[in-house]
Structure formats: structure tokens, C-alpha cells
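Here the structure is laid out as C-alpha cells; the discussion comes afterwards.
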Amino acid sequence: MRCPFCHNPDSRVIDSREADEGATTRRRRSCPACGRRFTTVEEAVLAVVKRSGVSEPFNRTKVVAGVRRACQGRPVDEDQLQKLAQQVEDAIRATGAAEVPSNEVGLAILRPLRELDEVAYLRFASVYRAFTSLEDFEKEITELRARHIAAGTLPLPGMQNDPPAVRRRGAGRSQAAPDGSPDR
Ligand SMILES: [Zn+2]
């Protein structure tokens, strides 16, 4: 390993220890030329196998690029995209698999993206779950509504939890209260 300080092409390992429950190895190195010390981290490459059979290292930047497309015009910032990509990598690494089909990377994006932005989620899901009809969208939107009802959270504008006929005055505000309407 090249020394990052003086660029001497060689360095010596003086200590090696496992970290992150054995998922990574940290090595303390010393440069014989300048005498300075630095640390390297070694971790197994998480391979993504494309449909063509070609495999390539998992790449967070690619995840971010794909999700960013789905988030066009949505209130999602760069930090949130980076965090999502990290969540996706963590989720895939947690399965312990050394390689995953690229389709599974797409599927692993769905859950955190649903929490982040539901419009972007629908766009992304329509591609990765290969929606072919309006019914596919309807089914997904019905599930999103059901999740809001279960969690007592606000739906998207235009996505109403209650059918219009039974909506109460102030329903938009009282939905934030978990134990029912405080202003009744
Ligand atoms: Zn050096």
C-alpha cells in the first residue's frame, strides 16, 4: 500500500484488527521512507450481478443517481439521498450475501424511499415492480393509504384517508393527534 504522505510505493503493516463485528479489518501501517503511520480498512466487495450476468461492486453513487431521478421535483435533498443509499447498503450487507442481483438493490431501495417521499416511491416502484397497468398503481396507492390510516399520519395532498362524505371539519389538522380529535 502506497504511503498517502510521501507516496512511497510500499508500507509495512504494524497492527491488524477486526472491526464492525468482523465485517472489516483495520490495519495500522508504517511508511519505511517517511516514518509516518496511517490506517487502512479492508472490507469484502459487495458485488451486484446485472441481468447480463456481469457483476460489479455495489456503488452508492449509482443508487443515489437512480433515486434522484425518481425524486425530480420532489422536496428531497442531497443529504437525504446519501442517507438513503447508506441505508440500502447497510440492509443488503446485513443479509450477509457476498453478491446480490441488481434487481434486489432496486427492491431494497423501496422501503426507505417510501418513508422519504411517496411520490418518488410510486415512480420508482412502477419501474422495479414492473407496473403494467393503472390497477398496479391503484393497489400500491391503496396500500400507502392503509399505512397512513394505521399510523395516523397525514396522507399526501389529494390522498384522503376518509371518503369525502364522512370527512369532518378540521380533519386535516386533527389527524396529527394520535388519540383522536382534540377539538371536538
Ligand atoms: Zn511515507
Side-chain angles (χ1 to χ4, degrees), residues 1-131 140 143-144 147-148 151 153-154 156:
M1 170 79 56
R2 188 174 76 167
C3 171
F5 299 105
C6 72
H7 301 284
N8 185 57
D10 201 15
S11 61
R12 198 163 51 86
V13 175
I14 52 175
D15 183 41
S16 179
R17 65 182 63 180
E18 292 199 340
D20 304 323
E21 294 168 350
T24 60
T25 299
R26 289 170 176 273
R27 292 200 168 85
R28 195 77 184 134
R29 293 171 181 266
S30 163
C31 173
C34 71
R36 295 176 88 164
R37 294 181 173 188
F38 58 98
T39 303
T40 56
V41 179
E42 182 179 300
E43 126 186 287
V45 169
L46 177 59
V48 175
V49 185
K50 297 198 278 191
R51 240 161 285 180
S52 63
V54 176
S55 82
E56 60 184 22
F58 175 89
N59 184 339
R60 279 206 295 273
T61 307
K62 280 196 168 179
V63 171
V64 168
V67 175
R68 188 187 286 124
R69 261 200 308 278
C71 289
Q72 257 175 35
R74 301 297 306 160
V76 175
D77 65 29
E78 195 59 30
D79 281 355
Q80 290 173 310
L81 290 176
Q82 295 294 341
K83 188 173 163 230
L84 182 143
Q86 183 64 58
Q87 288 175 313
V88 169
E89 178 169 359
D90 291 347
I92 293 172
R93 285 193 183 275
T95 67
E99 57 176 40
V100 290
S102 56
N103 189 47
E104 270 185 35
V105 177
L107 294 176
I109 288 170
L110 289 173
R111 180 192 289 252
L113 185 54
R114 186 178 60 199
E115 304 303 323
L116 190 59
D117 188 281
E118 288 173 330
V119 170
Y121 165 80
L122 277 174
R123 290 172 180 162
F124 201 87
S126 71
V127 174
Y128 273 88
R129 293 219 176 112
F131 287 7
E140 200 63 49
E143 279 174 28
L144 288 173
R147 291 174 58 81
H148 280 295
T153 52
L154 284 167
L156 285 171

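Heavy atoms only: backbone and side chains are in, while hydrogens, waters and symmetry mates are out. This is a predicted model, so every value here is computed, not measured. In listed order, ligands and their atoms are each counted from 1.
- Within the 3.5 Å criterion, the main-chain N or O of Val48 finds no donor-acceptor partner in the side chain of Ser102.
- Using a 4.5 Å heavy-atom cutoff, the side chains of Asp90 and Gln87 are not in contact.
- Screening Asp20, Val100, Leu46 for a side chain to side chain contact (heavy atoms under 4.5 Å, CB included) with Arg93, the sole residue that qualifies is Leu46.
- Around the CZ atom of Arg123, the shell of radius 6.0 Å holds more than 12 heavy atoms that belong to other residues, nucleotides or ligands.
- The number of heavy-atom neighbours closer than 6.0 Å to CZ of Arg37, taken from other residues, nucleotides and ligands shown, is 12 or below.
- Near the Zn ion (ligand 1), less than 2.8 Å away, sit the protein N, O or S atoms Cys3 SG, Cys6 SG, Cys31 SG, Cys34 SG.
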Can you check salt bridge (Lys or Arg N to Asp or Glu O under 4.0 Å) on Glu115 and Arg147, steps first, answer last?
CA-CA 11 Å; Glu115 304 303 323; Arg147 291 174 58 81; 3.1 Å; yes
